[in-house]
Peer 1: 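Just dropping this structure here.
In the text below, chain A, chain B and the rest are named by the order of the sequence lines, each starting its count at 1. Note: hydrogens, waters and symmetry copies are ignored here, and every other heavy atom, side chains too, is used.
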2 protein chains.
Amino acid sequence: MGLVKTEIFTEQQNEIALFAKVFGHPARVAILQHLFKINACICGDLVQEIGLAQPTISQHLKELKQLGLIQGNVEGTSVCYCIHTENWIKMKKIMFQFLDQDSPEKDCC
Amino acid sequence: MGLVKTEIFTEQQNEIALFAKVFGHPARVAILQHLFKINACICGDLVQEIGLAQPTISQHLKELKQLGLIQGNVEGTSVCYCIHTENWIKMKKIMFQFLDQDSPEKDCC
DNA sequence: GACATTAATCGTAATATTGCAATGAATAAA
DNA sequence: TTTATTCATTGCAATATTACGATTAATGTC
């Protein structure tokens with residue numbers, strides 16, 4: 001085990017879980033917040049900013065990129081990472097829909 | 001390793017990551033959606049509904065409860081689980097704030 | 001009391017994640 | 001061409017997560 005049984009869930013449930021999972025690490029939260037703040041960033045900055053080793057940051061960036069939430073453009077020897085605005089908005093809609101379910105008037109029981 | 005370095009992140013970043021992490025599994029997403037839908041639920045229902053073994057569901061419920069997102073009241077031999085509305089709203093605010101950061105007008109580079 | 005029902009807990013196997021040192025690839029600077 | 005810089009990749013150790021069988025605890029029913 002240690003293996004999620006994705007096949008028994010809906011596509012929507014798996015998608016929500018995938019997005020949530022990538023936000024489930026403070027380093028990735030911090031990376032995204034930094035990218036939003038300065039709106040353009042090279043990986044080196046992030047290593048300074050966050051305080052994890054360069055390979056670790058690189059790995060977190062890869063996960064964010066795989067989900068399409070950020071994009072990276074090579075620029076000389078450095079790489080410029082930034083938010084993929086269009087995909088971010090798509091993700092936001094999906095997550096909002098999940099988080100913003102109507103709360104029942106009062107808790108049961 | 002395999003150990004998150006929480007101490008190098010802000011409280012806010014760690015909190016966001018904690019909430020996101022609990023949503024990072026489709027079973028927990030499904031449980032929450034079901035609780036929202038029927039607004040009162042016993043664990044047995046969920047075992048039928050979701051299709052995972054009873055101990056597994058019980059474990060997922062525990063994690064949701066630990067974060068305060070659901071509450072469980074004993075009712076005879078069964079337990080009635082439901083959304084903890086107040087805490088859910090608090091969580092929603094925190095997550096919205098993170099997800100709804102201003103997108104830059106256009107992607108950098 | 002004896003038995004059934006329901007859900008929590010324990011123990012454990014399989015797998016995933018985190019973090020980093022070492023290394024590699026690509027470009028820029030000399 | 002050599003060297004420096006920047007970031008990706010590889011490999012690995014430590015830890016976390018997922019899932020479930022077996023068991024336990026608690027309550028209800030007979």
Side-chain angles (χ1 to χ4, degrees), chain A residues 1-9 13-14 17-31 34-35 40-67 70-82 109, chain B residues 1-9 13-14 17-31 34-35 40-67 70-82 109:
Chain A
M1 287 95 219
L3 173 62
V4 176
K5 288 187 158 183
T6 49
E7 69 276 8
I8 67 171
F9 301 103
Q13 287 163 344
N14 283 315
L18 269 186
F19 280 130
K21 201 161 151 190
V22 91
F23 299 139
H25 193 294
R28 292 190 289 263
V29 171
I31 288 172
H34 193 62
L35 286 185
C41 191
I42 54 168
C43 180
D45 276 9
L46 288 167
V47 175
Q48 306 301 315
E49 182 75 20
I50 313 262
L52 288 170
Q54 179 266 321
T56 308
I57 298 290
S58 192
Q59 193 176 295
H60 285 306
L61 287 168
K62 193 179 169 187
E63 287 175 65
L64 289 167
K65 201 173 173 185
Q66 266 169 354
L67 261 187
I70 64 173
Q71 58 191 146
N73 299 82
V74 179
E75 214 162 83
T77 48
S78 60
V79 175
C80 169
Y81 278 107
C82 60
C109 321
Chain B
M1 286 93 220
L3 173 63
V4 176
K5 288 187 158 183
T6 49
E7 70 277 6
I8 67 172
F9 302 103
Q13 287 163 344
N14 284 315
L18 270 186
F19 281 129
K21 201 162 152 190
V22 92
F23 299 139
H25 193 293
R28 292 190 289 264
V29 171
I31 288 172
H34 193 62
L35 286 183
C41 191
I42 55 170
C43 181
D45 276 8
L46 288 168
V47 174
Q48 305 303 314
E49 182 74 18
I50 315 261
L52 288 171
Q54 180 266 322
T56 309
I57 297 290
S58 192
Q59 194 174 294
H60 285 306
L61 286 168
K62 193 178 168 189
E63 285 174 66
L64 289 167
K65 200 173 175 184
Q66 266 169 354
L67 261 186
I70 65 173
Q71 57 191 145
N73 299 82
V74 179
E75 213 161 84
T77 47
S78 61
V79 176
C80 168
Y81 278 106
C82 61
C109 321

Peer 1: Figure out the OH/P separation between B:Tyr81 and C:dA7, and round it to whole Å.
Peer 2: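 So the two atoms are 9 Å apart, to the nearest Å.
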
Peer 1: So how far is it from A:Ile57 CD1 to A:Leu46 CG, rounded to the nearest 0.5 Å?
Peer 2: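 Reported value, rounded in 0.5 Å steps: 6.0 Å.
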
Peer 1: Restricting both atoms to N or O, compile the protein contacts to nucleotides 10-14 of chain C shorter than 3.5 Å, with distance only.
Peer 2:
from   : atom 1 : to     : atom 2 : distance (Å)
C:dA14 : O4'    : A:Met1 : N      : 2.7
C:dA14 : N3     : A:Met1 : O      : 2.5
C:dA14 : N3     : A:Gly2 : N      : 3.2

Peer 1: Just checking B:Ser78: base, sugar-phosphate only, or nothing, at a heavy-atom cut-off of under 4.0 Å?
Peer 2: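 Touches sugar-phosphate only.
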
Peer 1: Mind checking if A:Ser58 touches a base, just sugar-phosphate, or nothing, with heavy atoms under 4.0 Å?
Peer 2: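 Base contact.
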
Peer 1: B:Val79 versus B:Cys43: any side-chain heavy-atom pair under 4.5 Å?
Peer 2: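 No. Closest side-chain heavy atoms not under 4.5 Å.
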
Peer 1: Please tell me which of A:Lys21 and A:Leu52 maps to the more 5' nucleotide of DNA chain C, matching each residue to the nucleotide holding its nearest heavy atom.
Peer 2: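 That would be A:Lys21.
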
Peer 1: Test of understanding: with side-chain contact (heavy atoms from CB on, under 4.5 Å), list the residues that count as partners of A:Thr6, not counting sequence neighbours.
Peer 2: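 Residues passing side-chain contact (heavy atoms from CB on, under 4.5 Å) with A:Thr6: A:Val4, A:Asn14.
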
Peer 1: Mind calculating the distance between CG (B:Leu61) and C1' (C:dT9) to the nearest angstrom?
Peer 2: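 Going from B:Leu61 (CG) to C:dT9 (C1'), I get 14 Å.
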
Peer 1: Separation of B:Ile57 atom CD1 from C:dT6 atom P, in whole Å?
Peer 2: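 Taking atom P of C:dT6 as the reference, CD1 of B:Ile57 is at 16 Å.
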
Peer 1: Only one of B:Gln66, B:His60, B:Lys65 passes side chain to side chain contact (heavy atoms under 4.5 Å, CB included) with B:Lys62; say which it is.
Peer 2: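 Exactly one option meets the side chain to side chain contact (heavy atoms under 4.5 Å, CB included) with B:Lys62, and it is B:Gln66.
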
Peer 1: Would you give a per-nucleotide map of nucleotides 24-29 of chain C, 5' to 3', where B means the base has a protein non-hydrogen atom under 4.0 Å away, S means only the sugar-phosphate does, and - means neither?
Peer 2: ---BS-

Peer 1: Could you tell me which residues satisfy salt bridge (charged side-chain N to carboxylate O under 4.0 Å, His left out) with B:Glu63, sequence neighbours excluded, listed by chain and number?
Peer 2: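 For B:Glu63 the salt bridge (charged side-chain N to carboxylate O under 4.0 Å, His left out) partners, ignoring immediate neighbours, are B:Arg28.
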
Peer 1: Identify the pairs formed between an N or O of the protein and an N or O of nucleotides 1-3 of chain C at a distance under 3.5 Å, and give each distance.
Peer 2:
none

Peer 1: Please find the earliest and latest nucleotides of DNA chain D, in the 5' to 3' direction, that have an atom within less than 4.0 Å of any heavy atom of chain A.
Peer 2: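 Endpoints of the contacted stretch of DNA chain D: D:dT5 to D:dC20.
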
Peer 1: Measure the distance from CG on B:Asn73 to P on C:dT6 and round it to the nearest whole Å.
Peer 2: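 One finds 18 Å between P of C:dT6 and CG of B:Asn73, rounded.
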
Peer 1: Go through A:Phe9 and B:Ile50 one step at a time and tell me if the side chain to side chain contact (heavy atoms under 4.5 Å, CB included) criterion holds.
Peer 2: CA-CA 8 Å; A:Phe9 301 103; B:Ile50 315 261; 3.5 Å; yes

Peer 1: Using every non-hydrogen atom in the two residues, find where A:Leu67 and A:Leu18 come nearest and quote the distance to one decimal.
Peer 2: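 Answer, listing the atom of A:Leu67 first, then A:Leu18: CD1-O, 3.6 Å.
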
Peer 1: Here's a test of your reading of the structure: between A:Asp45 and B:Gln54, which maps to the more 5' nucleotide of DNA chain D?
Peer 2: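 Per heavy-atom nearest nucleotide, the more 5' residue is A:Asp45.
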
Peer 1: CG of A:Leu18 versus C1' of C:dA16: gap in Å, rounded?
Peer 2: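 After rounding, the gap between these two atoms is 13 Å.
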
